[in-house]
There are 2 protein chains.
Amino acid sequence: MTAEPGRRRDSAATRAALLDAATELFAERGFARTTVRDIAAHAGVNQALLFRYFGSKDALYAAVMAGQGRELLEVEQPERLLETVLRRMLEKAPRPGDHLLFTALRSEGVDSAAAEIRKALGDDYIRALSALTDAEDGDLRAELVLAWVIGISMVRSTSAKEPLKSANTEEIIRLVLSAARTLLERTEEQALTEMER
Amino acid sequence: MTAEPGRRRDSAATRAALLDAATELFAERGFARTTVRDIAAHAGVNQALLFRYFGSKDALYAAVMAGQGRELLEVEQPERLLETVLRRMLEKAPRPGDHLLFTALRSEGVDSAAAEIRKALGDDYIRALSALTDAEDGDLRAELVLAWVIGISMVRSTSAKEPLKSANTEEIIRLVLSAARTLLERTEEQALTEMER
DNA sequence: GACCAATGTAAGCAGTTGCTTACAAGGCGC
DNA sequence: GCGCCTTGTAAGCAACTGCTTACATTGGTC
């Protein structure tokens, strides 16, 4: 009987189970602190299959990150990007993978696949954010704002009880946005000039 | 001859060499990514002696961090704390251990000695920074500012060439201070009230 | 039913980690 | 000179990591 309960001998389903498990664990613990054994166990799949289907932990990470983390860049108008990013980061009940973006951005190390992905992702966000200001050091300003997001994500992931973990989401967003505005807002005249075009 | 060149059979010097090497490496790579073998090699000392004199990697880390990272808290008047912290973080030629504070604050994990030290250190800085505002959510504001410092340190340690790495130190400080001021400054009247006392 | 590629499994390899142990050697008190 | 605690050394252990290999099992094809 082909339609056996559960799934056996179904490579597509196995691949998908590995991808799902990897997505969840990478988002939760980051690349370095996630183990291939953890992923396989979490997927209910033999560890060797992970390497059969993905080749290496690096490649699995790349597969997980393919296309992920950039949805906000495409959907959001730049003015609302920071707010949306913060809201996703702070939301109470994230779906699996929702935090992939943040875990990826704050990954450590200069080797391994994670470093390249982090850099590419960071560059994309810096580019988007720097479009919000006309200051000549726009990239620096954008990078500072991104660093703030990364730092907040960092602190939230390590501290279990400090205010950041429990505080009102809207309040945090309000505070960060108001402060970031001093870095990213255009000057009045230049904003007007821009509109005239 | 007791006064042999170099040092041999000198436990104090051996301990000190280990401490120095550990200080430098922990500051550079953080707790998790520093190896006891690295430390011993860097100190030119047998690895077993590290455990004889310090007991464990955790304990060595605690010994390194004992009293370190809080100098700025004691010296600086609160109003200048953030600026001084930023300046130390961004300075071009730090002495060994100068970055211990930042590497400690951005250490990962919830176990190991590093987590407790990070928390204690973070709490101290939050306390100092929150004294700068009279808002009732002062702790949250202070934690956000600390998260920013941590994020900047993070980004600088991973990106090799983005603006943050090379940009003008004073410009970065100016930008961060001006933005942070919206979070930490007192309202006019309350600052005056404070002065009257 | 026989073949055979695709799928799944168990065991293990090599490298790294923190830490331990068994031992050699120096140097001080006597 | 002798004993013995202190200091230093080399080797290795157990746990963990990413990854491989040798082998069983399944199920479609003919």
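Here is how names work: the chains are called A, B, and so on, in the same order as the sequence lines, proteins then strands, and each is numbered from 1. We use all heavy atoms of the structure for the numbers below, so side chains are in, but hydrogens, waters and symmetry mates are not.
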* Which part of the nucleic acid, if any, lies within reach of A:Thr34 when heavy atoms closer than 4.0 Å are counted: base, sugar-phosphate only, or nothing? ->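 If one applies the 4.0 Å heavy-atom cut-off, A:Thr34 turns out to touch the sugar-phosphate alone, with no base involved.
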* Would you indicate what A:Tyr53 reaches in the nucleic acid, counting non-hydrogen atoms under 4.0 angstrom: base, sugar-phosphate, or nothing? =>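 Sugar-phosphate contact only.
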Is the distance from OP1 or OP2 of [N] to the nearest side-chain N or O of [X] less than 4.0 Å?
X       : N      : result
A:Ser56 : D:dG18 : no
A:Thr35 : D:dC16 : no
B:Ser11 : D:dT7  : yes

Just the rounded figure in Å: distance from [atom2] of [N] to [atom1] of [X].
X       : N      : atom1 : atom2 : result
B:Arg9  : D:dT7  : CZ    : P     : 7 Å
A:Asp10 : C:dG8  : CG    : P     : 7 Å
A:Arg15 : C:dT7  : CZ    : P     : 12 Å
A:Leu60 : D:dC19 : CG    : C1'   : 13 Å
A:Lys57 : D:dC16 : NZ    : P     : 15 Å
A:Tyr61 : D:dT17 : OH    : C1'   : 18 Å
A:Asp38 : D:dA15 : CG    : P     : 17 Å
B:Phe51 : C:dC19 : CZ    : C1'   : 5 Å

What residues form a side chain to side chain contact (heavy atoms under 4.5 Å, CB included) with [X], not counting sequence neighbours?
X        : value
A:Gln77  : A:Glu79, A:Arg80
A:Thr158 : B:Arg118
A:Arg52  : A:Leu49

* Asked: With the sugar-phosphate defined as primed atoms, P, OP1 and OP2, and the base as all remaining atoms, what B/S/- string results for nucleotides 9-14 of chain C, 5' to 3', for protein heavy atoms under 4.0 Å?
  -> BB-B--
* For B:Arg106 and B:Ser153, does a side-chain donor sit closer than 3.5 Å to a side-chain acceptor? ->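 Yes.
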* To do: Determine which pairs satisfy side chain to side chain donor-acceptor pair (under 3.5 Å) with at least one residue from residues 18-44 of chain B, sequence neighbours left out, and list them in order.
  =>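 Of all non-adjacent pairs touching residues 18-44 of chain B, those that pass side chain to side chain donor-acceptor pair (under 3.5 Å) are B:Arg29-B:Asp38.
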* CG on A:Leu105 to OH on A:Tyr125, rounded to 0.5 Å ->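 It comes to 7.5 Å.
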* To do: Can you tell me which residue pairs pass the ring pair (Phe, Tyr, Trp, His ring centres under 6.0 Å) test with a partner in residues 46-77 of chain B, sequence neighbours excluded?
  =>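 Residue pairs with at least one partner in residues 46-77 of chain B: B:Phe26-B:Tyr61, B:Phe31-B:Tyr61.
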